[in-house]
Amino acid sequence: MGALLFTPGGNMAEAYSPQDIERKWRDRWAEDRLYNVSPTSDRPKYYYLTMLPYTSGDLHIGHWYAMAPADAKARFLRMQGYNVLFPMGFDAFGLPAENAAIKRGIHPMKWTLDNVARMREQLKTMGAMFDWDREMVSCLPDYYRWTQWFFLQFYKHGLAYRDRSPVDFCPVCNTTLAREQVWGEDRHCERCGTPVVKRDLEQWLFRMTNYAEELLDFSKIEWPERVRAMQTNWIGRSEGVQFDLVIPDSNLKIPVFTTRPDTVFGMTFAVLAPEHELVDLLTINDRAAEVDQYRVQAARQSEVERLSTERERDGVFIGTYAVNPMNGERVPIFVADYVLTGYGTGAIMGVPAHDTRDFDFAQRYGLPIPVVIAPPDWDGKPLTEAYVEPGTMVNSGQFDGLSSTDAWDRIAEYMEGHGIGKRTINYRVHDWLISRQRYWGAPIPIVYCEKCGTVPVPEDQLPVLLPEDAEFLPTGESPLRYHEGFRYTTCPTCGGPAERETDTMDTFMCSSWYHMRYTSPGYDQGPIDPVEGKYWLPVDLYTGGIEHATMHLLYTRFFTKACRDMGILDFDEPMLRLYNQGIILGEDNEKMSKSRGNVVNPDDFVSSTGADSMRAYLMFIGPWDEGGPWNTRGIEGIYRFLSRVWALVVDPTPETLEPVADMARAERDLQRVMHKTIRKVTDDFEAFRFNTMLAALMEYNNYLVKAKQTALTRSPVWQEALEALVLMLAPSCPHIGEELWERMGKPYSVHQQEWPVWNEELAKDDVVTVAVQVNGRVRDRIDVDPESSEDEVQALALATPGAQRHIEGKQVVKVIYAPGRLVNIVVR
RNA sequence: GCCGAAGUGGCGGAACGGCAGACGCGGCGGUCUCAAAAACCGUUGGGGGUCAUUCCCCAUGUGGGUUCGAGUCCCACCUUCGGCACCA
């Protein structure tokens, strides 16, 4: 029971006490399986997914900020008549578990499952409508069995392959990383911040580049411009021409890619990346020592922290020349590390006059810098910096005089027509490197047999179980490599001795399909129960942070498209709509961190102000996509608001009520306020404007609190108005919503009620206040019937004292009427 | 450097091209109390004039522009925050 207070009227009133109601209702909802959903419903389905948490062990305020408003939105959709799937699970594989195992001697499985248990309990205090029957935990065999199954499908369809190449390796995490996980100018590890090094390793990759073009197409999804831009930028499509530079007196050629075929006549040198395979073949003996030294230095350079922003563009002449196929000129060939192995052909034509980098390089080595695209007001003098804008073609043979933009196409056509080169599209995106040299991940289901080669583990032998008794020595190789029982096996094809692949999969593999598993987590005939999958997929709305824009969100799109082509799915995109919430900051407006001491612990507020206040406050801070600073006073304000709603519904009406002069009018006014509020709240919910939605409920509550002092409370409209308030509050604050609904004598549960609908007629104003402006400044106001004619309103406006004061002695030039809003009188 | 977002009271933030500052926090004044807290009521952008209701001026990062009217649209700039990193 809550605290009892004496009201002025002498009645006993019960105060709002979240501690007394929140647990009660959560238990009841769980007992009644109120939020369990199934595909057998005649309501339209709606799959709302909020990004799953990593099993860090503590549900922090960021999780609340992501999930509580999401839950409110899901509940709103449910009340609007949808059959809403709103699941929750855990991203449970990954490094922290393994690091904890190494540091504290706890097994990653135990560490992870303990954390899951704790987080699940914390999540439950939120009072969200998660369907816990559909929970998935990615580190459990009945989940990763299917992660492995997907790997096999990719392998069978030629979308997974093994390749030896220089890859990014984090020396602290002791594993290779995908390109997406390497950040910043110093190329550091996304997780621990250590600069990565290059290692030459055999790794498994997925052919994401096959889908580069399709991944640029966002026409089937409603995703934020920001994410689309980031993915587009990441995929990095560029159109150009690829052609060969011929090496005289040999049958060797250097393929180069350029996006500026219009500048091809300005080439004065060629550059190979240090790792380019032709370097050895083309370097003359005299230059070999210097070239080797440069290559060694370049390789080491990536291992050293590269701090300088203005790196010198250096290189070494290899002693050989190449021929420009357009004009037959011989140009020297260099190796230089400003040309990258991983992009284009790893070799370029050097056009110093029209490329900043080539310009620097040519200056350093005294190479000629001929102008082939004249700037508009060019005086014929040498350039002092590269000119990269369009201009007029010069020194370019038959193409002289054309604009460089036209010449781009003409030269490309010429090259294609003469078999010199071909138009090519290059992408910056790489294939997805999924091998990790760590223990705590799904083992890659591959066996290497001396006789049969690379053999996929047959599907009926999945899962390839992680052995429990592995040593977690951080060696840079997978701990599985040192587990003999795991490593040595027999070949599934010939039965002879064989070795297992000991690397595990990138955890982004697990999160690429978890949304599918939620539809049927217990299903054991495949990753997805066909009936459930057909009904629920794809995800209608996905919300979460933007930090995965070029990782998870790109991988899962690729994964879906690949599954479609493999016949597993019949749609193109995993999530039709995406919305990114912002970041919640500390009270000092800084990112929350233990070292700053500004961390807010949600559990503390759940036990003091209650989960409902926590939820509503996080929604009230400001626009959800912008995030913002936490403010403890702010949540207290929300608590006061909920207490006032409580008192409004629960406290008895005053014994003496203020009389209402015109009851019909007062009822009509109340109805109007109610219907306008329903309209506003509904619109705001739909547009994720939770802050103004709650502001509207507060205003509505304030109105009702005043009205409660009057005889209006005897009207049937009053009851209707209170019910609407509770119904509209229920998605945001489900516990108090349920409690008040019950206390109003309404049938359980408020969360199974229909969302109130507004009536446009009843929401209509019968009087509007129109501002009277003179030359754009407000000088008076008039109340008019919204149906009044323009002439009437203008006449009234002109007659107001405020307008008269400013019109006097001047000439009225023009009068503008914005219906129902304002009149502007223009005078001179 | 390239791409993107944002600059509004003491604070978080509201504002279909139409009354800037909704709602909340904080502040101030009051009611209640022996007192305090809580709660409740009132008030609260800055400046000026007035005994005073009233009235006037200035205010949405800066400077221009479009418009009867601009926080909102256009141009330039400044600042902050994100993303990318020699991408040929």
Side-chain angles (χ1 to χ4, degrees), chain A residues 5 8 15 182-187 224-234 236-238 240 256-260 263 271 273 306 309-311 313 336-340 342-351 354-358 360-361 426-429 546-547 549-550 582-583 585 587 589 617 620-623 625-626 628-638 640-641 643-644 647 689 691-702 705 769-781 801-802 805 813-827:
Chain A
L5 299 175
V182 181
W183 290 5
E185 195 177 354
D186 62 346
R187 315 302 301 136
E225 173 58 35
R226 197 151 131 238
V227 175
R228 300 201 320 251
M230 282 166 78
Q231 293 200 346
T232 303
N233 188 12
W234 186 260
R237 181 185 200 273
S238 52
V256 294
F257 172 74
T258 181
T259 55
R260 293 293 306 273
T263 67
V271 185
R306 297 187 293 184
T309 29
E310 220 15 79
R311 295 189 58 220
R313 292 193 175 98
D337 70 354
Y338 80 89
V339 173
L340 310 173
Y343 186 78
T345 61
I348 60 153
M349 62 173 194
V351 183
H354 307 293
D355 181 281
T356 339
R357 295 150 303 178
D358 296 347
D360 293 350
F361 192 82
N426 238 293
Y427 301 93
R428 214 185 56 154
V429 71
I546 199 172
E547 63 274 15
T550 56
I583 296 170
L585 302 170
E587 215 143 4
N589 227 318
Y617 175 62
F620 187 66
I621 285 179
D625 56 340
E626 287 173 27
W630 171 266
N631 182 320
T632 297
R633 300 283 194 158
I635 190 172
E636 288 161 9
I638 291 288
R640 276 198 286 274
F641 161 62
S643 302
R644 283 194 291 270
R689 288 189 298 253
N691 56 332
T692 50
M693 180 273 292
L694 280 165
L697 285 182
M698 288 175 182
E699 273 185 271
Y700 182 49
N701 185 57
N702 292 343
V705 166
T769 302
V770 171
V772 180
Q773 293 187 336
V774 178
N775 285 353
R777 316 183 76 111
V778 180
R779 300 301 183 181
D780 219 318
R781 290 177 177 82
R805 233 182 359 257
V813 182
K814 198 176 184 183
V815 181
I816 287 136
Y817 178 47
R821 308 196 71 97
L822 61 67
V823 175
N824 190 12
I825 301 160
V826 185
V827 299

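The figures that follow rest on heavy atoms only: side chains count, while hydrogens, waters and symmetry mates do not. Lettering of chains follows the sequences in order, A, B, ..., and the numbering in each one begins at 1.
Using a distance-only test at 3.5 Å, with no hydrogens or angles considered, no donor-acceptor pair links the side chain of A:Asn426 to the main chain of A:Gly240. When atom types are taken as modelled, the side chain of A:Asp358 and the backbone of A:Gly350 share no donor-acceptor pair closer than 3.5 angstrom. Of the possible donor and acceptor atoms, none in the side chain of A:Tyr617 sits under 3.5 Å from a partner among the backbone N and O of A:Trp630. Checking side-chain atoms of A:Asp780 against main-chain N and O of A:Val772 turns up no donor-acceptor pair under 3.5 Å.
Residue contacts shown for A:Arg779 are limited to sugar-phosphate atoms, with no base heavy atom under 4.0 Å away. Across all strands, A:Val339 comes closer than 4.0 Å to base atoms (heavy-atom distances). Counting non-hydrogen atoms under 4.0 angstrom, A:Gly637 reaches the backbone sugars and phosphates but no base. Residue A:Asp358 is classed as having no contact, given no heavy-atom separation below 4.0 Å to the nucleic acid. Base contact: A:Gln773 has a heavy atom under 4.0 Å from a base atom.
Contact between the side-chain N/O atoms of A:Arg821 and the OP1/OP2 oxygens of B:C68 is not found at any separation under 4.0 Å. Contact annotation: A:Asn691 side-chain N/O to B:A22 OP1/OP2 distance is not under 4.0 Å. Regarding contacts with the backbone of B:A88, a side-chain N or O of A:Ser238 is found under 4.0 angstrom from either OP1 or OP2. Within the 4.0 Å cut-off from OP1 or OP2 of B:C40, at least one side-chain nitrogen or oxygen of A:Arg644 is found. The side chain of A:Arg633 places an N or O atom within less than 4.0 Å of a non-bridging phosphate oxygen (OP1 or OP2) of B:G26. Taking side-chain N and O atoms only, A:Arg777 has a distance below 4.0 Å to OP1 or OP2 of B:C58.
B:G4: Watson-Crick or G-U partner is B:C81, with both key distances under 3.5 Å. B:G21 is unpaired under the criterion used here, namely a Watson-Crick or G-U wobble arrangement in which both key atom distances are under 3.5 Å. Nucleotide B:G9 is matched to nothing when pairs are restricted to Watson-Crick or G-U wobble geometry with both distances under 3.5 angstrom. In this entry B:A70 has no Watson-Crick or G-U wobble partner, no candidate having both defining distances under 3.5 Å. With a 3.5 Å ceiling on both atom-pair distances, the Watson-Crick or G-U wobble partner of B:U31 is B:A39. Here B:G26 sits opposite B:U44 as a Watson-Crick or G-U wobble pair (both hydrogen-bonding atom distances under 3.5 Å). Base-pair partner of B:G63: B:C75 (Watson-Crick or G-U wobble, both distances under 3.5 Å).
The glycosidic torsion of B:G9 lies within 90° of 0, which places this base in the syn conformation.
Nearest to the side-chain atoms of A:Phe620 among the listed nucleotides B:C56, B:C84, B:G12 stands B:G12. For A:Ala818, whose side chain is taken as the heavy atoms from C-beta onward, the closest listed nucleotide among B:G18, B:C84, B:C23 is B:G18. With distances taken from any side-chain atom of A:Arg226 to the nucleotides B:G4, B:C23, B:A22, the minimum falls on B:G4. For A:Tyr343, whose side chain is taken as the heavy atoms from C-beta onward, the closest listed nucleotide among B:A88, B:C68, B:C84 is B:A88. Picking from B:A14, B:G69, B:A85 the nucleotide with the shortest atom distance to the side chain of A:Trp234 gives B:A85. When distances are taken from the side chain of A:Asn702 to each of B:G18, B:G24, B:A15, the shortest belongs to B:G24.
A:Arg781 CZ to A:Gln773 CD: the interatomic distance, rounded to the nearest 0.5 Å, is 10.0 Å.
Between A:Phe361 and A:Tyr338, the ring planes are tilted. Angles from 30° to 60° get that label.
Using a 4.5 Å heavy-atom cutoff, the side chains of A:Phe620 and A:Met698 are in contact. Using a 4.5 Å heavy-atom threshold, the side chains of A:Ser238 and A:Tyr427 count as separate.
Residues A:Thr632 and A:Glu587 come closest through the heavy atom pair N-OE2, 2.9 Å.
On the C1' atoms, B:C41 is 23 Å away from B:C34, given to the nearest whole Å. The separation of B:A76 from B:C11, taken at their C1' atoms, amounts to 32 Å, rounded to a whole angstrom. The separation of B:G21 from B:U44, taken at their C1' atoms, amounts to 12 Å, rounded to a whole angstrom. Separation of the C1' atoms belonging to B:G45 and B:G9 is 5 Å when rounded to the nearest angstrom. If you take atom P in B:U50 and the same atom in B:A59, they sit 23 Å apart, rounded to whole Å. B:U80 sits 10 Å from B:G61 when the C1' atoms are compared, rounded to a whole Å. Here the separation of B:A15 from B:U60, taken at their C1' atoms, is 11 Å to the nearest Å. As rounded to the nearest Å, B:A52 and B:U62 have C1' atoms that lie 40 Å from one another.
Between A:His354 atom NE2 and B:A88 atom P the separation is 17 Å, expressed in whole Å. One atom, CZ of A:Arg640, and another, C1' of B:C25, lie 8 Å apart when rounded to the nearest Å. In this entry the distance linking CG of A:Leu697 with P of B:A22 reads 18 Å, nearest Å. In this structure, CG of A:Asn589 is placed 12 Å from P of B:G82, rounded to the nearest angstrom. Atom CD1 of A:Ile621 and atom P of B:C25 are 14 Å apart (whole Å). In this entry the distance linking CE of A:Met230 with C1' of B:A85 reads 14 Å, nearest Å. Between A:Met698 atom CE and B:C25 atom C1' there is a gap of 10 Å when expressed in whole angstrom units. Distance A:Asn233 CG to B:A5 C1': 15 Å, rounded to the nearest Å.
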